[in-house]
Amino acid sequence: MARLAQTAGLTDVQQEILSTVRDFVDKEIIPVATELEHRDEYPQEIVDGLKELGLFGLMIPEEYGGLGESLLTYALCVEEIARGWMSVSGIINTHFIVAYMLKQHGTQEQKEYFLPRMAAGEVRGAFSMSEPGLGSDVSAITSKAVRDGDEYVLNGQKMWLTNGGTSTLVAVLVRSDEGHPEGTAPHRSMTTFLVEKEPGFGEVRPGLTIPGKIDKMGYKGVDTTELIMDGLRIPANRVLGGTTGRGFYQMMDGVEVGRVNVAARGCGVAQRAFELGVGYAQQRHTFGKPIAQHQAIQFKLAEMATKVEAAHAMMVNAARKKDSGERNDLEAGMAKYLASEYCKEVVEDAFRIHGGYGFSKEYEIERLYREAPMLLIGEGTAEIQKMIIGRRLLEEYRFQG
């Protein structure tokens with residue numbers, strides 16, 4: 001197992017962090033994940049353990065109390081956590097997208113106020129772009145902010161917030177026409193607001209309601225919610241970066257981090273599916289020998305392992321590109337697309353190897369089979385990734401006639 005998905009060129013510190021996370025996953029997550037998932041129970045003890053390990057501050061700069069690690073280190077940790085239970089990786093993903101957006105785009109006051117508490121895990125982040133009627137078309141956002149003195153009044157309905165209930169800080173993207181005349185391109189009239197709230201459901205601050213958890217096929221344990229703003233008043237100093245009209249670009253920068261994360265999750269789930277498949281194939285006997293000795297199963301295992309390796313390599317490349325300061329939307333789109341598709345295929349092959357037992361809730365592969373489809377949608381569908389990839393390729397390979 002140790003031969004798959006290895007990463008060359010890691011520092012001693014990175015290797016130590018990964019070893020610690022891997023041990024935590026093996027001891028604290030894998031043994032309880034399926035039981036908690038079947039109960040749709042928030043993994044509070046696991047989250048507390050991650051807090052003690054300092055993972056909520058992994059990418060936050062040291063000057064704000066974090067570990068100051070790279071996106072690559074974070075992605076490799078996510079890969080390990082998703083190998084144990086994908087829902088747990090979702091809990092820290094949204095937190096880090098918000099922390100990253102604050103680090104890159106926040107005012108100095110916003111950084112000093114939020115980042116130390118986020119590094120300690122005292123403030124948990126969530127971010128919100130989607131709405132019930134728009135799906136991947138972010139430009140169709142209808143939620144709106146209107147200036148009223150030193151405050152903005154926000155109204156609208158948002159959808160698919162991971163950590164919507166347990167978070168205490170939500171980065172919310174809305175339309176704000178202030179200073180942007182009619183006819184301005186939609187992406188130039190959007191603003192990200194930093195909305196503080198109490199954890200829980202119902203009215204979590206005046207004008208802000210989290211109705212409750214959305215019941216999902218998979219990706220359970222972590223809370224996925226709506227967010228309803230009805231006269232929600234937010235101080236002007238909670239505009240991310242202090243200037244309106246930059247929200248779309250801030251969110252897209254954060255989503256690039258999110259796409260690397262989803263790719264890492266796909267790698268982790270695929271690795272676990274391969275582990276389960278190759279293990280079961282050596283235990284299950286048919287026609288007088290382990291099914292692993294049948295050529296058809298060996299071919300399947302070979303394909304699964306190759307997909308795990310390829311997805312991991314692309315994820316690592318996308319993370320390193322972002323860490324270098326270069327534009328990585330092409331690499332992140334490719335990694336997210338390939339890892340999520342390969343994850344689905346590897347999980348299904350492991351499911352097939354299990355035969356009828358894969359359909360039983362007593363076997364872990366049943367949970368993975370329900371979790372993998374979320375990765376096909378999260379942070380942009382395969383079709384959205386192909387659009388991004390295609391446009392970037394045309395920029396890079398422009399025909400010179």
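As the structure is a prediction and not an experimental result, all values here were calculated from the model.
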**Q** Under 6.0 Å from the CZ atom of R205, do we count more than 12 heavy atoms belonging to anything else shown?
**A** yes

**Q** Determine, stepwise, if the pair R238 / E109 fulfils salt bridge (charged side-chain N to carboxylate O under 4.0 Å, His left out).
**A** CA-CA 10 Å; R238 289 297 174 258; E109 184 272 334; 3.3 Å; yes

**Q** If you compare all heavy atoms of A264 against all heavy atoms of V78, which two are closest, and at what distance to 0.1 Å?
**A** CB-CG1, 3.9 Å

**Q** Give the C-alpha distance, both sets of side-chain angles, the deciding distance and a yes or no for side-chain hydrogen bond (donor to acceptor under 3.5 Å, both in side chains) between T192 and H105.
**A** CA-CA 10 Å; T192 302; H105 306 287; over 6 Å; no

**Q** Decide whether E371 and W85 meet the rule of one side-chain donor and one side-chain acceptor closer than 3.5 Å.
**A** yes

**Q** I would like to know whether V153 and L232 meet side chain to side chain contact (heavy atoms under 4.5 Å, CB included); could you show each step before the answer?
**A** CA-CA 5 Å; V153 181; L232 172 62; over 6 Å; no

**Q** Quick one: closest heavy-atom pair of V174 and A145, and the distance?
**A** CG2-CB, 3.7 Å

**Q** With the side chain counted from C-beta on, respond yes when I30 and V25 share a heavy-atom pair under 4.5 Å apart, and no when they do not.
**A** yes

**Q** Which value, rounded to the nearest 0.5 Å, describes the distance between L368 atom CG and L276 atom CG?
**A** 6.5 Å

**Q** In terms of heavy-atom contacts, does CD of E45 have more than 12 from other residues, nucleotides or ligands at under 6.0 Å?
**A** no

**Q** Name the one of K361, K216, R367, R370 that satisfies salt bridge (Lys or Arg N to Asp or Glu O under 4.0 Å) with E37?
**A** R370

**Q** Would you name the heavy atoms of A273 and I365 that are closest together and state the gap between them?
**A** CB-CD1, 4.2 Å

**Q** Between Q14 and T11 (side chain of the first, backbone of the second, donor and acceptor by atom type, cut-off under 3.5 Å), is there such a pair?
**A** yes

**Q** With rounding to the nearest 0.5 angstrom, report the CD to CD1 distance, E69 to I17.
**A** 4.0 Å

**Q** Say whether, by atom type as modelled, one donor and one acceptor occur between the side chain of E303 and the main chain of L301 under 3.5 angstrom.
**A** no

**Q** With rounding to the nearest 0.5 Å, note down the distance linking CG in L208 to CG in L227.
**A** 4.5 Å

**Q** Give the minimum heavy-atom separation between R265 and G90, together with the two atoms involved.
**A** NH1-CA, 3.6 Å

**Q** Return yes when atom CD of E395 has more than 12 non-hydrogen atoms of other residues, nucleotides or ligands closer than 6.0 Å, and no otherwise.
**A** yes

**Q** Decide yes or no on salt bridge (charged side-chain N to carboxylate O under 4.0 Å, His left out) for E379 and R259, but give the supporting numbers first.
**A** CA-CA 6 Å; E379 316 296 21; R259 285 179 177 145; over 6 Å; no

**Q** Can you find a heavy atom in the side chain of Y74 that is under 4.5 Å from one in the side chain of V260?
**A** no

**Q** Taking atom CG of L72 and atom CG of D323, what is their separation to the nearest 0.5 Å?
**A** 6.0 Å

**Q** Quick one: pull up CZ in R392 and OH in Y397 and give me the separation to the nearest 0.5 Å.
**A** 11.0 Å

**Q** More than 12 heavy atoms of other residues, nucleotides or ligands under 6.0 Å from CD of Q15: is that the case?
**A** yes

**Q** Among side-chain atoms of E366 and S360, is any donor-acceptor pair under 3.5 angstrom?
**A** no

**Q** Dump the intermediate steps for salt bridge (charged side-chain N to carboxylate O under 4.0 Å, His left out) on R83 and D26, then the final yes or no.
**A** CA-CA 9 Å; R83 186 179 67 86; D26 288 339; 2.7 Å; yes

**Q** State, without any angle test, whether E275 and Q271 hold a side-chain donor-acceptor pair at a distance under 3.5 Å.
**A** no

**Q** Could you go step by step and tell me if L169 and V98 meet the side chain to side chain contact (heavy atoms under 4.5 Å, CB included) rule?
**A** CA-CA 9 Å; L169 173 65; V98 177; 4.0 Å; yes

**Q** Quick one: pull up CD1 in I389 and CG in L394 and give me the separation to the nearest 0.5 Å.
**A** 12.0 Å

**Q** Output, in order, the C-alpha distance, side-chain angles, deciding distance and verdict of salt bridge (charged side-chain N to carboxylate O under 4.0 Å, His left out) for E341 and K307.
**A** CA-CA 10 Å; E341 294 291 335; K307 290 173 181 177; over 6 Å; no

**Q** Compute whether any side-chain donor of one residue and acceptor of the other, for Y113 and E196, lie under 3.5 angstrom apart.
**A** yes

**Q** Does some side-chain heavy atom of P43 sit less than 4.5 Å from a side-chain heavy atom of I91?
**A** yes

**Q** Between the side chain of S167 and the main-chain N/O of V170, is any donor-acceptor distance below 3.5 Å?
**A** no

**Q** Without hydrogens or angle criteria, can the side chains of E203 and T209 be said to hold a donor-acceptor pair below 3.5 Å?
**A** no

**Q** Could you give all pairs that pass the salt bridge (Lys or Arg N to Asp or Glu O under 4.0 Å) test and reach residues 219-232, with sequence neighbours left out?
**A** D215-K220

**Q** Please check this pair: side chain of N328 against backbone of A318, looking for a donor-acceptor N/O pair closer than 3.5 Å.
**A** yes

**Q** Is there side-chain contact between V172 and M229, with heavy atoms separated by less than 4.5 Å?
**A** yes

**Q** Any donor-acceptor pair under 3.5 Å linking the side-chain atoms of T191 with those of S176?
**A** yes

**Q** Is the shortest side-chain heavy-atom distance between I81 and L55 below 4.5 Å?
**A** yes

**Q** Is atom NZ of K213 surrounded by more than 12 heavy atoms (other residues, nucleotides or ligands) closer than 6.0 Å?
**A** yes

**Q** Does R398, at its CZ atom, have more than 12 non-hydrogen atoms belonging to other residues, nucleotides or ligands within less than 6.0 Å?
**A** no

**Q** List the atom of E35, the atom of R39, and the distance in Å for their closest heavy-atom pair.
**A** OE2-NH1, 2.6 Å

**Q** Looking at F56, is R124 sitting on its ring face, NZ or CZ under 6.0 Å from the six-membered ring centre and within 45 degrees of the normal?
**A** yes

**Q** Are side-chain heavy atoms of T168 and E198 found at a separation under 4.5 Å?
**A** no

**Q** I want to check something: taking the side chain as every heavy atom from C-beta on, are K321 and L330 in contact at a cut-off of under 4.5 Å?
**A** no

**Q** Under 3.5 Å, side chain of Q110 to main-chain N/O of V239, donor-acceptor pair present?
**A** yes

**Q** Taking atom types as modelled and ignoring hydrogens, do the side chains of H95 and N163 form a donor-acceptor contact shorter than 3.5 angstrom?
**A** no

**Q** Sequence neighbours excluded, which residues qualify as ring pair (Phe, Tyr, Trp, His ring centres under 6.0 Å) partners of Y357?
**A** Y363

**Q** Would you say CD of E16 has more than 12 non-hydrogen atoms from neighbouring residues, nucleotides or ligands within 6.0 angstrom?
**A** no

**Q** Answer yes or no: does atom CD of Q295 have more than 12 heavy-atom neighbours from other residues, nucleotides or ligands under 6.0 Å?
**A** no

**Q** Within the side chain of E28, is there an N or O that forms a donor-acceptor pair under 3.5 Å with the backbone of I46?
**A** no

**Q** Look at the rings of Y152 and F193 and say which category their plane angle falls in: under 30° parallel, 30 to 60° tilted, over 60° perpendicular.
**A** perpendicular

**Q** Taking all heavy atoms of K158 and all of S128, pick out the closest pair and write down the distance.
**A** CB-OG, 3.1 Å

**Q** Are any of the side-chain heavy atoms of Q385 and L338 separated by less than 4.5 Å?
**A** no

